[in-house]
Protein chains: 2
Amino acid sequence: MDPSELQHQSKTKFLDAALQVIRSKGYTATRVEDVCAVAGLTKGSFFHHFKSKEELAIAAADHFAAMADRLFASAPYQRAEDPLERLLGYVDFRMGILRGTLPDYTCLLGTMVQEAYDTHPAIRATCDKHLSSHATMLARDIAEAKARYVPDAPWTPESLGLFMQTVIQGAFILAKAKQGPEVAAESLRHLRRYLETQFTPAAQGA
Amino acid sequence: MDPSELQHQSKTKFLDAALQVIRSKGYTATRVEDVCAVAGLTKGSFFHHFKSKEELAIAAADHFAAMADRLFASAPYQRAEDPLERLLGYVDFRMGILRGTLPDYTCLLGTMVQEAYDTHPAIRATCDKHLSSHATMLARDIAEAKARYVPDAPWTPESLGLFMQTVIQGAFILAKAKQGPEVAAESLRHLRRYLETQFTPAAQGA
DNA sequence: ACCTATAAACCAACCAGTCGGTATGCCCAT
DNA sequence: ATGGGCATACCGACTGGTTGGTTTATAGGT
């Protein structure tokens, strides 16, 4: 086996373990040894691959964002020709992945940035980068749909993309409070309804 | 000075300090001694008033919710006769209180529940209780406005009240990521626009 | 021989919670 | 009115478990 592939394997184990543990307990309460236990490796190996716990958090954020990018890039709704259909497809798709336990579907970036925004600037910056880039991805479809259906709508594509992120992040908080995805799904339905109204010229308010 | 008032003073100092520190650093990263330092009191006094850090968190959540209740109960928009005007007034009012630093205007409940939902069931339950009760307060105005303007709208008042909480909580996450309230205010503008469309009979989609 | 990955024992700092003690004020019996 | 008993508020040194990070050692591939 290629040694760089071996490294890759162990590092990936740590990163996957970090996703799971941090999304359950938050960044601060996550112990390096928790991550090692879940990864099935030891601290010696951990500090061979990461120079600190904070570096793990940043790498985990990158790892998470890369996974999310692949997930959405390969989702079936992407094949729709109509940008609005893709946008609504995105919301429906997000509703569909609210499965399993809370750590399975909540967002690592939102979890970490809430805790670390003031105390760990590097983590905050990384979470911001990925959250914003996800919103920008949405903004591309939004811009296309806006040009096609409601060119005079009173919002920018960027702003609406960020609003979609806002709803998703808030939905996870309520889901945690209520211990289940139903309230999150219901919020996504409201979001979908908002998008429908905004892209329907007849109904479009000021 | 009344001794019970004295107790009240010190306990309140701890609670106010906890609001500030936990909203900056999160629950886990908050050290009891941080709270003591901000309160200007000592650990001995702290553990005289609270039996554990977790009990502080729960008391702080209650304290925060009570403050918020007073704040919104006495806000000027409450005087409007029209329930829809009160609802939109609420959103505008929330936009208006996005002032100062992030710990000044973000929500203790959302911050704590995100971190503690899995590890501290009692904290989770308390946060849920207050978040839900705030949403229920909104749902009262929503129900009145729905009856008056859009009795056949396709959502329940409870669901829309929770959605408003969702947007607010998500807005704080984005504000933390981007280090300022602008993105939160922009999300509240989208929320306001959604409310306007949903309470305008002509524009109301299925 | 050398280098990477992993292991395991170890260390020093940190921190929630404890404990012995002081101060203050109230109640009530004398 | 006074002094003893008692409860409450507070202090700050201390403790014991925890945990991020280090060090030393070993296995195995080249």
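So you know, we letter chains A, B, ... as the sequences are listed, proteins then strands, and number each from 1. In this text, all values refer to a predicted model and were calculated from it rather than measured experimentally.
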What ring pair (Phe, Tyr, Trp, His ring centres under 6.0 Å) pairs are there with at least one residue in residues 86-109 of chain A, not counting sequence neighbours?
A:Phe72-A:Tyr90, A:Phe72-A:Phe93, A:Tyr77-A:Phe93, A:Tyr90-A:His134
Starting from the 5' end of DNA chain D, give me the residue, A:Ala29 or A:Lys51, whose nearest nucleotide shows up first.
A:Ala29
Could you please name the option among C:dT6, D:dG21, D:dA9 that lies closest to any side-chain atom of A:Ser52?
D:dG21
Output the rounded distance in Å from NZ (B:Lys53) to P (C:dC14).
16 Å
Would you kindly check if the NZ (Lys) or CZ (Arg) of A:Lys11 is within the cone defined by 45 degrees around the ring axis of A:Phe50 and under 6.0 Å from the six-membered ring centre?
yes
Report the C-alpha distance between A:Lys43 and A:Glu33 in whole Å, list the side-chain angles of each, state the deciding distance to 0.1 Å, and finish with yes or no for side-chain contact (heavy atoms from CB on, under 4.5 Å).
CA-CA 7 Å; A:Lys43 246 162 112 165; A:Glu33 297 199 352; 3.0 Å; yes
Matching residue for A:Tyr194 among A:Phe199, A:Phe163, A:Trp155 - test: ring pair (Phe, Tyr, Trp, His ring centres under 6.0 Å)
A:Phe163
What is the distance from OH of B:Tyr27 to P of C:dC15, rounded to the nearest Å?
14 Å
From the candidates C:dA5, D:dC10, C:dA16, the one with an atom nearest any side-chain atom of B:Arg31 is C:dA16
Contact class for B:Thr30 (heavy atom, under 4.0 Å): base, sugar-phosphate, or nothing?
sugar-phosphate
Round to a whole Å and report the spacing from CZ of B:Phe14 to C1' of C:dG17.
14 Å
Please determine whether a side-chain nitrogen or oxygen atom of A:His48 lies at a distance below 4.0 Å from atom OP1 or OP2 of C:dT6.
no
Among residues 32-47 of chain B, which residues get a heavy atom nearer than 4.0 Å to DNA chain D?
B:Leu41, B:Thr42, B:Gly44, B:Ser45
Quick one: B:Gln9 CD to D:dC10 P, roughly how many Å, whole number?
9 Å
Is it true that the side chains of B:Asp128 and B:Ser132 contain a donor and an acceptor less than 3.5 Å apart?
yes
Side-chain donor-acceptor pair present, B:Asp69, B:His130, cut-off under 3.5 Å
no
C:dT6 OP1/OP2 closer than 4.0 Å to side-chain N/O of A:His49
yes
